[in-house]
Structure formats: structure tokens, C-alpha cells
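Notes follow once the structure below has been shown.
No experiment lies behind these values; they were computed from the predicted model shown.
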Amino acid sequence: MGAIKPDQFMISFNETVGVVYAARKGRLKTTTPKHAKALNDCLEQYFEGKLSDSDKEKLEDYMEDSFRDSKDLPTETVPDLTERGVLRRIELLIANECNLNCKYCYAHGGTYRIRERRMLPDEAETYLRELLIGKYRYVEIITFFGGEPTLCPDTIERVCEFFETGVRNGTFEKIPVFLMVSNGTLIDEKMAQIIHRFHIGVTVSVDGPQEINDLLRVDAAGAGTFSRVSKGIENLVNAGSPPILLEATYTTRHKELGYTKEDIRNYLADHFQVKKVMAADCTSGGTDERLAYTDWDIHTGKDGEMMTEEVRYAVDCLKQKEISPIGCDACFGSILLMPDGDIYPCHSFVGHAEYRMACFREGHFDFSDYERVLQKFMNLNKFQHPRCTDCWAKAVCLFCPAEILLEKNTECISASCHTRRAAQKYAILKCAEDGLKRKKERG
């Protein structure tokens with residue numbers, strides 16, 4: 001097979017199983033932990049130049065023979081917005097305004113440092129009608145985002161009704177999955193009923209017990225919000241639509257007060273009786289950079305199941321017959337729509353005018369800037385970008401374009417890559433472990 005390249009194989013093991021993952025082929029094979037460790041040691045020595053020529057040749061032949069029956073997967077052709085009939089996601093930034101003033105907010109109180117505005121119901125319907133009808137068969141996911149989206153319950157209701165009507169009259173093939181990210185404090189009975197009626201999956205932000213939450217998640221007057229969040233969650237439960245996820249932002253204050261991420265996850269899961277909880281690092285301190293905390297760990301649920309989107313993406317990739325040259329499909333199949341009709345790849349790019357893809361003018365969307373923005377994203381091709389070329393994980397990596405295009409701190413980018421590789425390694429090992437378990441059950 002010739003020289004082994006760094007991006008060809010990943011080997012991992014635990015006390016139960018070993019796995020050899022051939023990244024270019026999208027294949028993994030299980031083995032014993034002892035054998036996997038020996039192979040991993042050999043590969044490390046191979047790349048460090050510590051093997052003799054004869055041992056190098058033997059290892060190359062062995063790895064080639066192990067996957068001789070598998071061909072390299074072809075690279076997927078990724079259509080852009082103008083070439084596809086389905087949009088995967090539209091983030092509707094219903095309001096770049098928030099009723100809270102969380103101390104670590106990366107969006108500067110939900111405003112993104114631009115003029116505050118709310119999307120009115122008629123505006124939302126006009127935007128969606130002009131953007132979608134006659135161009136897309138359906139949208140897979142609609143995410144209500146902010147700021148705080150529940151500032152605009154009537155707009156949320158109108159958007160959901162727009163798609164329901166579109167499916168009834170044959171304009172769209174199916175109704176999107178509706179999702180929402182909310183601080184929970186404005187979810188009254190009316191909002192909870194709207195959420196339940198349209199099956200909106202709500203992620204509620206809450207940072208742990210009242211002691212820590214009310215230090216960080218405060219309103220404009222500086223008052224804590226735990227009791228209001230609790231009431232919002234109670235309203236959701238009473239309406240029959242409990243949150244699908246609770247998300248905490250883990251800061252230096254958590255650590256100073258003796259709370260671990262596991263403490264926070266366990267408390268929130270038990271206190272609110274919600275199965276899925278995530279504790280995410282505070283990567284930006286907002287108005288107080290002292291709150292920033294990053295240890296780049298892997299977040300697990302109480303049952304040990306990984307709670308990262310990267311892991312789910314990795315598992316999906318292992319089932320594919322092609323390798324995608326992109327990770328996140330922002331700009332290609334996912335967009336963010338602002339209250340004034342501006343369109344960006346996602347909320348991470350709001351406030352960066354150079355990444356505005358389109359704007360709403362005189363009743364129509366002007367996409368004249370799209371090709372320029374698209375080219376920047378195409379330059380992140382995982383098979384060509386210098387950060388990715390030698391990485392085994394690129395075939396299963398859901399990297400964030402904003403981290404590369406906007407982040408100037410190379411140390412943070414490297415740490416993020418390290419975390420993603422760890423998550424992907426976990427997912428691949430878990431797949432191998434589950435496969436071995438099913439094999440034993442079949443006898």
C-alpha cells in the first residue's frame with residue numbers, strides 16, 4: 001500500500017474491545033484490546049521513525065491486507081442553496097433583544113451589537129413566502145432563536161401556522177421539526193400552549209441550583225431568574241411538552257463554588273426531571289471575561305451517553321456511502337433569518353457584515369452577495385484545508401466554520417479540534433462495542 005498516512009487510521013480500545021477505523025474507507029473493524037494497543041504502539045513508532053525498514057514494510061502490508069476488501073469512499077458533492085430542493089434548517093432570529101442580561105452572554109444581551117428589533121408576524125410570513133415558495137419542497141428544521149424568541153409568541157404561532165397551511169394546500173411536502181432555544185422566563189401558559197400545539201422542542205437555559213444560576217443569569221435589574229425559569233418549565237410540563245434539553249453554561253464561578261459539571265448535570269436532571277442535560281464550557285465571558293472556562297472535556301449524560309452533536313454526526317457518518325467535504329452545512333443548506341430580513345449562515349456570524357448572504361429589499365430577497373460568502377465556506381473543504389489534511393477525524397468531523405473564519409485564537413481552535421477528535425473516537429469505539437455486543441447476543 002505504500003507509506004501509511006496520518007489521516008488513514010484511528011486505533012482505540014478500552015477494557016472490552018479494540019477498534020481499527022479506516023477513515024478514508026469509512027470502515028471499522030473490531031479486535032481485542034490487547035491487539036489494538038499493540039497496533040497503536042506500532043503506528044506511533046512508525047510515524048516517529050522508530051521502526052526498521054523491514055518492520056515498516058510489514059506494518060504497511062498488514063494494514064493494507066486488513067482492509068483489502070474495502071474501497072475508499074467517494075467524496076460527496078454538496079449542493080449550495082441555489083442547487084437544492086430542500087433546506088435542512090432555518091434559524092429564525094425572532095428578536096435580537098432579550099429580557100435578561102446574563103453576565104457571560106456572547107451576544108451582548110441578545111442584541112449582537114446591532115439595533116434591537118423584533119420580527120412581526122406579517123413580516124415572518126412575508127419572508128418565508130418569498131424565500132421558500134416555488135423554490136423548496138420543504139424545510140427539515142425551523143429553530144426559533146434570539147435574543148429571546150418568546151418575546152414574540154404571536155410570530156412563533158404565525159410561522160408554525162404558515163407551514164401547517166403550506167402542507168395542507170400542497171405547497172410543502174411536510175411540516176418542519178420545530179425547535180426553540182429559550183431562557184424559559186417568559187414561557188407563560190399561552191406560550192406553553194403554543195409550544196404544545198405545534199410540538200416545538202424547547203431547550204431551556206439554566207445554570208444549576210439557584211445559588212449559582214442567580215449569580216449569572218440575571219435580568220436587566222440584576223435580579224436572579226431561577227424561580228421564573230422554574231415556573232416556565234412547570235408551564236411546559238403542565239401543557240404536556242416538557243423541555244427536550246436543559247443547557248447550563250459552566251463558568252469559573254461554578255468551579256469556585258465547588259460545582260463540577262457532573263454536579264450541575266445531576267442536579268438539573270433530578271430537580272426538573274428532564275432526561276437530557278448538557279453543561280457547556282463558557283468559551284466567552286461576555287461582559288466579564290473572568291467567567292470564561294474551557295477544559296474541553298467530553299459531556300456525558302447520567303447514563304454515560306454522549307450529549308454532543310459531534311458524536312451523533314460521527315455515528316451518522318459511519319453509515320454513509322460518501323464522505324462529506326464539509327461539517328456543518330451553514331451557508332450550503334442552513335441559514336439564519338434576521339428580523340429585518342438579512343440572511344447569514346448562522347447566528348455566529350450576526351454582526352459580521354462581510355458574511356451577510358442576502359437582504360430583503362422592496363419585497364424580495366437580494367442574494368447578490370451569496371457567491372462571495374459561499375466561496376469563503378468552500379475554502380474550508382476538509383480535504384484541502386491545512387488544519388484538516390492530516391487528521392483522521394475529518395470524515396466524521398462536524399467542525400464549526402465560525403471557529404475557523406472568525407476565531408483568531410489558534411490555541412482555542414486547536415483545543416476545539418482536540419475535543420472533537422476525542423468525541424469522535426468515543427463514538428467510533430461505542431459503535432464497535434455495540435456491534436460486538438449484538439454479535440454475542442446472536443450467538
Side-chain angles (χ1 to χ4, degrees), residues 77-96 117-146 149-182 190-203 239 241 244 328-347 350 356-371 373-374:
T77 300
V78 182
D80 64 39
L81 294 174
T82 66
E83 300 169 325
R84 59 178 66 224
V86 174
L87 283 183
R88 192 183 73 83
R89 182 193 298 267
I90 299 178
E91 284 184 283
L92 289 177
L93 204 149
I94 297 292
N96 65 312
R117 199 177 189 282
R118 301 183 187 185
M119 188 182 295
L120 301 176
D122 287 348
E123 289 176 322
E125 183 168 349
T126 298
Y127 293 155
L128 292 172
R129 188 177 301 279
E130 181 65 24
L131 181 65
L132 301 175
I133 292 180
K135 302 178 183 70
Y136 299 102
R137 304 196 312 277
Y138 61 90
V139 180
E140 293 181 4
I141 300 170
I142 294 290
T143 300
F144 298 106
F145 203 73
T150 58
L151 286 166
C152 307
D154 294 340
T155 302
I156 293 171
E157 185 174 34
R158 179 74 70 85
V159 168
C160 295
E161 290 174 343
F162 168 80
F163 284 103
E164 276 196 343
T165 301
V167 170
R168 281 198 303 270
N169 63 26
T171 301
F172 303 119
E173 293 179 7
K174 62 179 183 179
I175 293 175
V177 173
F178 295 118
L179 301 175
M180 182 191 297
V181 180
S182 171
K190 175 187 175 181
M191 188 70 249
Q193 288 300 323
I194 292 173
I195 288 167
H196 182 66
R197 174 187 167 191
F198 296 106
H199 309 288
I200 302 172
V202 181
T203 294
S241 295
I244 61 171
C328 170
D329 65 354
C331 195
F332 291 91
S334 298
I335 60 174
L336 175 127
L337 179 59
M338 294 288 291
D340 62 358
D342 283 354
I343 293 179
Y344 289 85
C346 78
H347 63 267
V350 175
R356 189 181 70 175
M357 299 158 51
C359 59
F360 195 73
R361 292 176 179 169
E362 298 178 356
H364 302 282
F365 281 101
D366 177 3
F367 272 89
S368 57
D369 287 330
Y370 178 56
E371 287 297 326
V373 177
L374 178 64

Show your working on side-chain contact (heavy atoms from CB on, under 4.5 Å) between L132 and Y138 and close with a plain yes or no.
CA-CA 8 Å; L132 301 175; Y138 61 90; over 6 Å; no

T165 vs R168, side chain to side chain donor-acceptor pair (under 3.5 Å): CA-CA, chis, key distance, verdict
CA-CA 5 Å; T165 301; R168 281 198 303 270; 3.3 Å; yes

Would M180 and I156 satisfy side-chain contact (heavy atoms from CB on, under 4.5 Å), going step by step from the backbone distance to the final call?
CA-CA 10 Å; M180 182 191 297; I156 293 171; 3.6 Å; yes

Let's go through D154 and I194 carefully: what are the C-alpha distance in whole Å and the side-chain angles of both, what is the deciding distance for side-chain contact (heavy atoms from CB on, under 4.5 Å) to 0.1 Å, and is it a yes or a no?
CA-CA 9 Å; D154 294 340; I194 292 173; 5.5 Å; no

Give the intermediate values and the outcome of side chain to side chain donor-acceptor pair (under 3.5 Å) for residues T143 and R89.
CA-CA 7 Å; T143 300; R89 182 193 298 267; 2.6 Å; yes

Between H347 and M338, is the side-chain contact (heavy atoms from CB on, under 4.5 Å) condition met? List the steps.
CA-CA 9 Å; H347 63 267; M338 294 288 291; over 6 Å; no

For R88 and D329: C-alpha separation, side-chain torsions, deciding distance, then whether salt bridge (charged side-chain N to carboxylate O under 4.0 Å, His left out) applies.
CA-CA 8 Å; R88 192 183 73 83; D329 65 354; 2.8 Å; yes

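Between V373 and C331 the shortest side-chain heavy-atom distance falls below 4.5 Å. A 4.5 Å side-chain heavy-atom check between F144 and V181 finds every atom pair outside the cut-off. The closest side-chain heavy-atom distance from E91 to S334 is not below 4.5 Å. For the pair L179/I141, a side-chain contact is recorded, criterion being any heavy-atom separation below 4.5 Å from C-beta on. Residues D342 and R356 have side chains in contact (heavy-atom distance under 4.5 Å, counting atoms from C-beta outward). M119 is listed as a side-chain neighbour of L337, based on a closest heavy-atom distance under 4.5 Å. Looking at Y127 and L131, their side chains never come closer than 4.5 Å, going by heavy atoms from C-beta outward. Looking at L92 and V159, their side chains come closer than 4.5 Å, going by heavy atoms from C-beta outward.
The distance between the ring centers of F178 and H199 does not fall below 6.0 angstrom.
For the pair P339 and E123, the tightest heavy-atom approach, listed with the atom from each and the gap, is O-OE1, 4.1 Å. Taking each heavy atom of V86 and Y136 in turn, the nearest pair found is N-CD2, 3.9 Å. Closest approach of H196 to S241, counting heavy atoms only: ND1-OG, 2.8 Å. Looking at every heavy atom in both residues, Q193 comes nearest to A239 through NE2-CB, 3.8 Å.
Residues passing the side-chain contact (heavy atoms from CB on, under 4.5 Å) test with E83 are P79, D80, sequence neighbours excluded. By the ring pair (Phe, Tyr, Trp, His ring centres under 6.0 Å) test, F162 is found to be paired with F172, residues two or more places apart in sequence or in another chain being considered.
Checked by atom type and distance alone, the side chain of K190 never pairs as donor or acceptor with a backbone atom of P153 at under 3.5 Å. With hydrogens and angles disregarded, a donor-acceptor distance shorter than 3.5 Å links the side chain of R84 to the backbone of F332.
Under the 30°/60° scheme for interplanar angles, the aromatic rings of Y370 and F367 are found to stand perpendicular.
Taking OG1 of T126 as the start and CZ of R158 as the end, the distance is 8.5 Å to the nearest 0.5 Å. Taking CD of E157 as the start and CZ of F198 as the end, the distance is 5.5 Å to the nearest 0.5 Å. Rounding to the nearest 0.5 angstrom, the gap separating the CG atom in L81 from the CD atom in E371 is 9.5 Å. Between K174 atom NZ and E140 atom CD the span is 5.5 Å, to the nearest 0.5 Å. How far CD of E125 is from CG of L120: 12.5 Å, rounded to the nearest 0.5 Å. Summarising the geometry, atom NE2 belonging to H364 is positioned 12.5 Å from atom SG belonging to C359; distances are rounded to the nearest 0.5 Å.
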